[in-house]
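Read through the structure below, which is laid out as structure tokens, and then see the notes.
Keep in mind that this is a model prediction, so the values were computed, not measured.
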Amino acid sequence: MTGLEIWLLAIGLAMDCFVVSIASGIILKRTRLKPMLIMAFFFGFFQALMPLLGWMGTGFFSHLIESIDHWIAFGILFFLGGRMIKESFKDETCKHEYDPTSLKVIVTLALATSIDALAVGISFALLNIKSFRTLLPSIGIIGFVSFALSMAGLMFGIRFGCGIARRLHAELWGGLILIAIGTKILIEHLFFT
């Protein structure tokens, strides 16, 4: 994957964090730096950790599926993207019933928003990323982008409230990015290798 594709992938993955952070910012109502930094840190950490875990787990059996790995990578990214697009059309109210300053809540949200990143780690293994040194920049970018978009989401939620989340269509754009990357992987493997 190229550098641009990694950045776009990171943005696509971070859209869940961004949307949850907007909701958390709405609940916080004012800037509270410590809980905001804690939430953004955990979101970035889990978004970076999950691809690593997926990559490590897949490394044990990737040689068995080498001939269809491009289809699997496409399928995973298409499924995740499609799910994000579907979620973007749900009409949700702005009432949220959780405490965004609770560490237990933060870790739970970070884990929930990073499950997609686990599947992306599987895709990395299927795309022949063989060494941790090669993977490290990608997971670093994913973690950084997730941290930055989480902070931005918190600030947006605090500043603009509920209306901004619906107008941004963040999950829709994230889903489209993931599908585009998966399609590019499939086309490159089928026609240009």
Side-chain angles (χ1 to χ4, degrees), residues 4-51 54 76-121 138-182:
L4 176 62
E5 289 172 331
I6 295 297
W7 282 95
L8 289 172
L9 178 66
I11 291 168
L13 286 174
M15 285 302 149
D16 283 347
C17 297
F18 183 64
V19 171
V20 170
S21 295
I22 290 173
S24 298
I26 292 166
I27 294 168
L28 286 174
K29 293 185 175 83
R30 63 182 173 85
T31 302
R32 296 171 58 192
L33 196 57
K34 185 178 177 182
M36 291 169 65
L37 286 171
I38 290 171
M39 179 176 276
F41 169 78
F42 274 99
F43 279 16
F45 175 75
F46 275 90
Q47 287 286 348
L49 177 66
M50 290 302 201
I76 289 170
L77 293 173
F78 190 86
F79 172 77
L80 295 175
R83 196 178 80 196
M84 286 178 73
I85 291 169
K86 180 181 173 191
E87 291 291 318
S88 76
F89 289 106
K90 284 188 176 178
D91 187 29
E92 297 179 3
T93 64
C94 287
K95 185 177 179 186
H96 299 281
E97 303 284 337
Y98 64 90
D99 177 9
T101 62
S102 162
L103 186 60
K104 181 179 176 182
V105 169
I106 291 170
V107 170
T108 302
L109 291 172
L111 185 61
T113 57
S114 66
I115 296 300
D116 295 353
L118 184 70
V120 169
S138 297
I139 62 175
I141 290 169
I142 290 168
F144 170 77
V145 169
S146 297
F147 174 86
L149 284 179
S150 296
M151 286 299 289
L154 286 161
M155 295 305 293
F156 269 60
I158 290 167
R159 173 75 173 98
F160 298 108
C162 192
I164 193 72
R166 283 192 287 274
R167 288 194 302 268
L168 288 175
H169 304 291
E171 285 184 311
L172 173 66
W173 289 107
L176 291 171
I177 289 169
L178 293 181
I179 288 173
I181 291 170

- Message: So, using side-chain hydrogen bond (donor to acceptor under 3.5 Å, both in side chains) as the criterion, who are the partners of R32 when residues are at least two apart?
- Response: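 Expected list: none.
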
Any idea which heavy atoms bring [X] and [Y] closest together, and the distance?
X: M36; Y: I158; answer: SD-CD1, 3.9 Å
X: M155; Y: T31; answer: CE-OG1, 3.8 Å
X: P100; Y: I27; answer: CD-CG2, 3.5 Å
X: L154; Y: S24; answer: CD2-CB, 3.7 Å
X: P35; Y: I106; answer: O-CD1, 4.4 Å

[atom2] on [Y] to [atom1] on [X], rounded to 0.5 Å:
X: T108; Y: F42; atom1: OG1; atom2: CZ; value: 11.0 Å
X: T101; Y: I38; atom1: OG1; atom2: CD1; value: 9.0 Å
X: L109; Y: F43; atom1: CG; atom2: CZ; value: 5.0 Å
X: L172; Y: K86; atom1: CG; atom2: NZ; value: 15.0 Å

- Item | Residues that S114 engages under side chain to side chain contact (heavy atoms under 4.5 Å, CB included), provided they are two or more places apart |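 In terms of side chain to side chain contact (heavy atoms under 4.5 Å, CB included), with neighbours along the sequence ignored, S114 is linked to F46, Q47, M50, L111.
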
Distance-only donor-acceptor pairs under 3.5 Å for side chains of residues 5-21, two or more places apart:
residue : atom : partner : partner atom : Å
E5      : OE1  : T2      : N            : 2.9
E5      : OE2  : K184    : NZ           : 2.4
S21     : OG   : C17     : O            : 2.7
S21     : OG   : S150    : O            : 3.4

- Message: Less than 4.5 Å apart, side chain to side chain, heavy atoms only: is that true for I26 and F156?
- Response: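 No - every pair of side-chain heavy atoms lies 4.5 Å or more apart.
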
